[in-house]
Chemist: 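One structure is given below, represented as structure tokens, and several questions about it will come after.
Remember, it's 1-based here, ligands and their atoms both numbered in the order they're listed.
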Amino acid sequence: MGSMEDIVAEIKNCKKCELYKMKTNYVPGTGSPNAKIVFVGEAPGRDEDLQGEPFVGAAGKLLNEMLSKIGLSRRDVYICNVIKCRPPDNREPSEEEILACGDYLRRQLDVIKPNLIVCLGRVAAKFVFEDFGLEFTSISKVKGKVFEVERWDKKVKIYPIYHPAAILYRQQLREDYEKMFKNIALIAGLKRQPDLFDFIN
Ligand code: URA
């Protein structure tokens, strides 16, 4: 399995599929390896590829805003993607690329052992569902519902929601999205303390 540093070092040398040839930077993930909540996206876009960090473009700004509404910053959680290199022209990653890259996310989750995994969009939700033995139907059917699985000798919650980019294109979903983030605070049992959010249990 290895530590998070080992996994990140491996990612930064990865040649398991062709995407590494086209990337500027690998985008392993960011945040705390001790986080209780992990956010999983699809794959880096242009800004992420240039900066080597997930969700730093327009979708990332919205994610930061939503996190701040529930009193969280990027440092309080872990943020990563199913795919660690940018697919050209932001196309959806292929099954082969997901198969080649998916083990890194699996191992990152095994290191972090989060209480809650928030899947941002269809690609992340499909990967996480299948990996945790849940049947994936469609993002519109599962979004906003909490799924519970046994992993790492505890109950782990999986919460699929829309990808933030979808909200940028469909502003009418924004109110719902804010509610979903408030729900994240409830599901995770976050409670307000003077300067930080923590877990009740
Ligand atoms: N979209 C994603 O799915 N991930 C990112 O890191 C940025 C945009």
Chemist: Would you say that K16 contacts Y104 through its side chain, given a criterion of any heavy-atom pair below 4.5 Å between the two side chains?
Modeler: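 The answer is yes, as the side chains (C-beta and beyond) meet within the 4.5 Å cut-off.
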Chemist: Please table the atom pairs, donor to acceptor, closer than 3.5 Å between any side-chain atom in residues 154-172 and protein atoms at least two apart or in another chain.
Modeler:
{"residue": "K154", "atom": "NZ", "partner": "K113", "partner atom": "O", "Å": "2.7"}
{"residue": "K154", "atom": "NZ", "partner": "N115", "partner atom": "OD1", "Å": "2.7"}
{"residue": "K155", "atom": "NZ", "partner": "E150", "partner atom": "OE2", "Å": "2.9"}
{"residue": "Y159", "atom": "OH", "partner": "N183", "partner atom": "ND2", "Å": "3.1"}
{"residue": "H163", "atom": "ND1", "partner": "A165", "partner atom": "N", "Å": "3.0"}

Chemist: In residues 124-144, what donor-acceptor pairs under 3.5 Å come from side-chain atoms, sequence neighbours left out?
Modeler:
{"residue": "K126", "atom": "NZ", "partner": "E130", "partner atom": "OE2", "Å": "3.3"}
{"residue": "D131", "atom": "OD1", "partner": "R106", "partner atom": "NE", "Å": "2.8"}
{"residue": "D131", "atom": "OD1", "partner": "R106", "partner atom": "NH2", "Å": "2.9"}
{"residue": "D131", "atom": "OD2", "partner": "R106", "partner atom": "NE", "Å": "3.1"}
{"residue": "S138", "atom": "OG", "partner": "S140", "partner atom": "OG", "Å": "3.3"}
{"residue": "S138", "atom": "OG", "partner": "K141", "partner atom": "N", "Å": "3.3"}
{"residue": "K143", "atom": "NZ", "partner": "S140", "partner atom": "O", "Å": "3.4"}

Chemist: As a test of reading the model: which residues have a non-hydrogen atom less than 4.0 Å away from ligand 1?
Modeler: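 Around ligand 1, where the cutoff is 4.0 Å for heavy atoms, the contacting residues are G41, E42, A43, E48, P54, F55, N81, H163.
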Chemist: Taking atom types as modelled, is there a side-chain donor on N64 or R74 under 3.5 Å from an acceptor on the other?
Modeler: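 Checked: N64/R74 side chains pair up, N/O donor to acceptor below 3.5 Å.
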Chemist: Kindly say whether C85 contributes a backbone atom to a donor-acceptor pair with the side chain of E97 at under 3.5 angstrom?
Modeler: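 It does not hold such a pair.
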Chemist: Tell me which donor-acceptor pairs under 3.5 Å the side chains of residues 54-63 have, and how far apart each pair is, sequence neighbours excluded?
Modeler:
none

